[in-house]
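Each remark here refers to the structure printed beneath this line.
Everything numeric here is computed off the predicted structure, so don't read it as measured data. Sequence lines set the chain letters: A, B, ... in the order given, protein chains first and strands last, and positions in each chain run from 1.
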Protein chains: 2
Amino acid sequence: MRLSTKGRYAVTAMLDLALNGKTGPVTLAEISENQGISLSYLEQLFAALRSKDLVRGVRGPGGGYYLGKSADEISIANIICAVDEWVEFTRCGGRQNCSGGARCLTHTLWDDLSTEIFNFLADISLGDLVRRNLNKKEEEDDSLSIVPQSSSQAA
Amino acid sequence: MRLSTKGRYAVTAMLDLALNGKTGPVTLAEISENQGISLSYLEQLFAALRSKDLVRGVRGPGGGYYLGKSADEISIANIICAVDEWVEFTRCGGRQNCSGGARCLTHTLWDDLSTEIFNFLADISLGDLVRRNLNKKEEEDDSLSIVPQSSSQAA
DNA sequence: TAAATACCGACTGAATTACTGGGTTATAAC
DNA sequence: GTTATAACCCAGTAATTCAGTCGGTATTTA
């Protein structure tokens, strides 16, 4: 798994789309403005997202982008994989022709971990993120807290 | 959170160290040979790991590296953070002076997700990985399966 | 017809990756 | 003590990726 700033941009843009796309299509210009990402870079990202059917573009005036499926059907892993490309983790590519036994054991361990990370991100959908935040916001509104939530940083 | 190939190299090297360091110190030359990582690059990685007390170097002939603490006390997040540096996720840096409300909401969502990923990786230790693999190997030996485990890839 | 938008591709500076090569210490073995 | 072995340190660097600019074309609405 690869989790770079590029993936972050893509997730951020998709979140923006999920949040603002309820009423109609969202233009890349709007997302660019909202999130501080250059328009042309967004175009590159959305070309990748579109090829994986995660978004759907509508041309012409009043056009823009819709989510390609419902927010609940789009996982974070989907988004990251779309823009970051799925790289081969181990150099031996699954073939057990590594020099030593230690090498391939390590590679297997890493491969298992990568799969776990992937599954973790595959279990979180765009819809989840949006709902979780709304719930959280209600709780905060109840207590009328002014203190930011940065105190909950752990480990 | 940032999960790049650099972090992968570091985790791989630490795994190698955990596996082979039972009897004595492991040299970078050995890890380089085992894992196919250049010696000087390993030196860079281990300089970072050492500064975080994740490894302990012993100079001179017969020297090499030990784990800085027990494998159970070293999390994957520790390793990745040591070499990849902890980058600021949001551009607004926590300050709520973003242009629009949508921007900061998206940033909050991304920030929460990042924290979750971090906590996930902070919960997995080197020791966990090694033990899990040993368990798995026993299971495989029981069924004498030839089929690789790549069929469990999900979406 | 004109404007707005997605769509497309080539190019580019900056950063990062992964590596090379030149050292200098510390220490164990001889 | 000398020497070999290792960690340690630092400067440079080709290749790649990141994030962006620029200049277009295609489609659709007004």
Side-chain angles (χ1 to χ4, degrees), chain A residues 1-13 17 20-21 24-33 35-68 80 82-89 91, chain B residues 1-13 17 20-21 24-33 35-68 80 82-89 91:
Chain A
M1 189 89 216
R2 183 125 156 273
L3 186 47
S4 63
T5 50
K6 191 176 180 184
R8 186 193 88 182
Y9 278 121
V11 172
T12 301
L17 191 49
N20 298 322
V26 182
T27 67
L28 292 187
E30 288 174 281
I31 298 178
S32 170
E33 168 69 19
Q35 305 303 329
I37 309 170
S38 91
L39 181 59
S40 292
Y41 194 42
L42 277 175
E43 285 179 347
Q44 287 178 39
L45 296 177
F46 273 69
L49 295 170
R50 190 161 32 81
S51 76
K52 295 290 192 322
D53 290 322
L54 298 179
V55 296
R56 186 167 47 88
V58 177
R59 290 183 169 188
Y65 279 96
Y66 290 100
L67 290 181
I80 291 173
V83 299
D84 264 337
E85 303 295 318
W86 191 266
V87 285
E88 194 60 47
F89 304 119
R91 288 189 166 175
Chain B
M1 189 86 215
R2 184 126 154 273
L3 187 47
S4 63
T5 50
K6 191 177 180 182
R8 187 192 86 182
Y9 278 122
V11 173
T12 301
L17 192 49
N20 298 322
V26 182
T27 67
L28 292 188
E30 289 173 281
I31 298 177
S32 170
E33 167 70 19
Q35 304 303 329
I37 310 170
S38 91
L39 181 59
S40 291
Y41 194 42
L42 277 175
E43 284 179 347
Q44 285 179 39
L45 296 177
F46 273 70
L49 294 170
R50 190 159 34 81
S51 76
K52 295 291 193 320
D53 290 322
L54 298 180
V55 297
R56 184 167 49 86
V58 177
R59 291 184 169 189
Y65 279 95
Y66 289 101
L67 290 180
I80 291 173
V83 299
D84 262 337
E85 304 294 321
W86 191 265
V87 285
E88 193 61 46
F89 305 120
R91 286 189 168 174

Checklist entry - Which atom pair, heavy atoms only, marks the closest approach of A:Leu42 to A:Ala13? => result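 A:Leu42 and A:Ala13 have their closest heavy atoms at CD2-CB, 4.0 Å.
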Is [X] near enough to [N] that one of its side-chain N or O atoms lies under 4.0 angstrom from OP1 or OP2?
{"X": "A:Arg50", "N": "C:dC7", "answer": "yes"}
{"X": "B:Tyr65", "N": "D:dC8", "answer": "yes"}
{"X": "B:Tyr41", "N": "C:dA18", "answer": "yes"}

Just how far, in rounded Å, is [atom2] of [N] from [atom1] of [X]?
{"X": "A:Leu42", "N": "C:dA6", "atom1": "CG", "atom2": "P", "result": "10 Å"}
{"X": "B:Ile80", "N": "C:dT16", "atom1": "CD1", "atom2": "C1'", "result": "17 Å"}
{"X": "A:Leu28", "N": "D:dA19", "atom1": "CG", "atom2": "P", "result": "17 Å"}
{"X": "B:Arg8", "N": "C:dT16", "atom1": "CZ", "atom2": "C1'", "result": "16 Å"}
{"X": "A:Leu45", "N": "C:dC8", "atom1": "CG", "atom2": "P", "result": "15 Å"}
{"X": "B:Ile31", "N": "D:dC8", "atom1": "CD1", "atom2": "P", "result": "12 Å"}
{"X": "A:Arg56", "N": "D:dT28", "atom1": "CZ", "atom2": "C1'", "result": "15 Å"}
{"X": "A:Glu30", "N": "C:dT5", "atom1": "CD", "atom2": "P", "result": "8 Å"}

Item to check | Among D:dG20, D:dA7, D:dA19, the one nearest A:Thr5 by side-chain distance | outcome: D:dA19
Checklist entry - Which nucleotide in the set D:dG20, D:dA7, C:dC19 lies at the smallest distance from any side-chain heavy atom of A:Ile37? => result D:dG20
What donor-acceptor contacts under 3.5 angstrom involve side-chain atoms of residues 44-68 of chain A, with partners at least two apart or in another chain?
from, atom 1, to, atom 2, distance (Å)
A:Ser51, OG, A:Ala48, O, 2.7

Checklist entry - Got a second to check how far B:Thr27's OG1 is from B:Leu17's CG, nearest 0.5 Å? => result 10.5 Å
Item to check | From B:Leu3 atom CG to B:Asp84 atom CG, the distance as rounded to the nearest 0.5 Å | outcome: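 Here the interatomic distance stands at 7.5 Å.
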Checklist outcome for this item: Whether each nucleotide of nucleotides 10-17 of chain D has a protein heavy atom under 4.0 Å at its base (B), only at its sugar-phosphate (S) or at neither (-) is summarised, 5' to 3', as -------S
Next on the checklist: Can you build the contact string for nucleotides 25-30 of chain C? Use B for base contact, S for sugar-phosphate-only contact, and - for no protein heavy atom under 4.0 Å.
Outcome noted: BBBB--
Checklist entry - Under 4.0 angstrom, heavy atoms only, what part of the nucleic acid is B:Leu39 near: base, sugar-phosphate, or nothing? => result nothing
Next on the checklist: Going by side chain to side chain donor-acceptor pair (under 3.5 Å), name the residues that satisfy it together with B:Ser32, two or more places apart in sequence or in a different chain.
Outcome noted: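 Checked B:Ser32 against side chain to side chain donor-acceptor pair (under 3.5 Å); zero matches.
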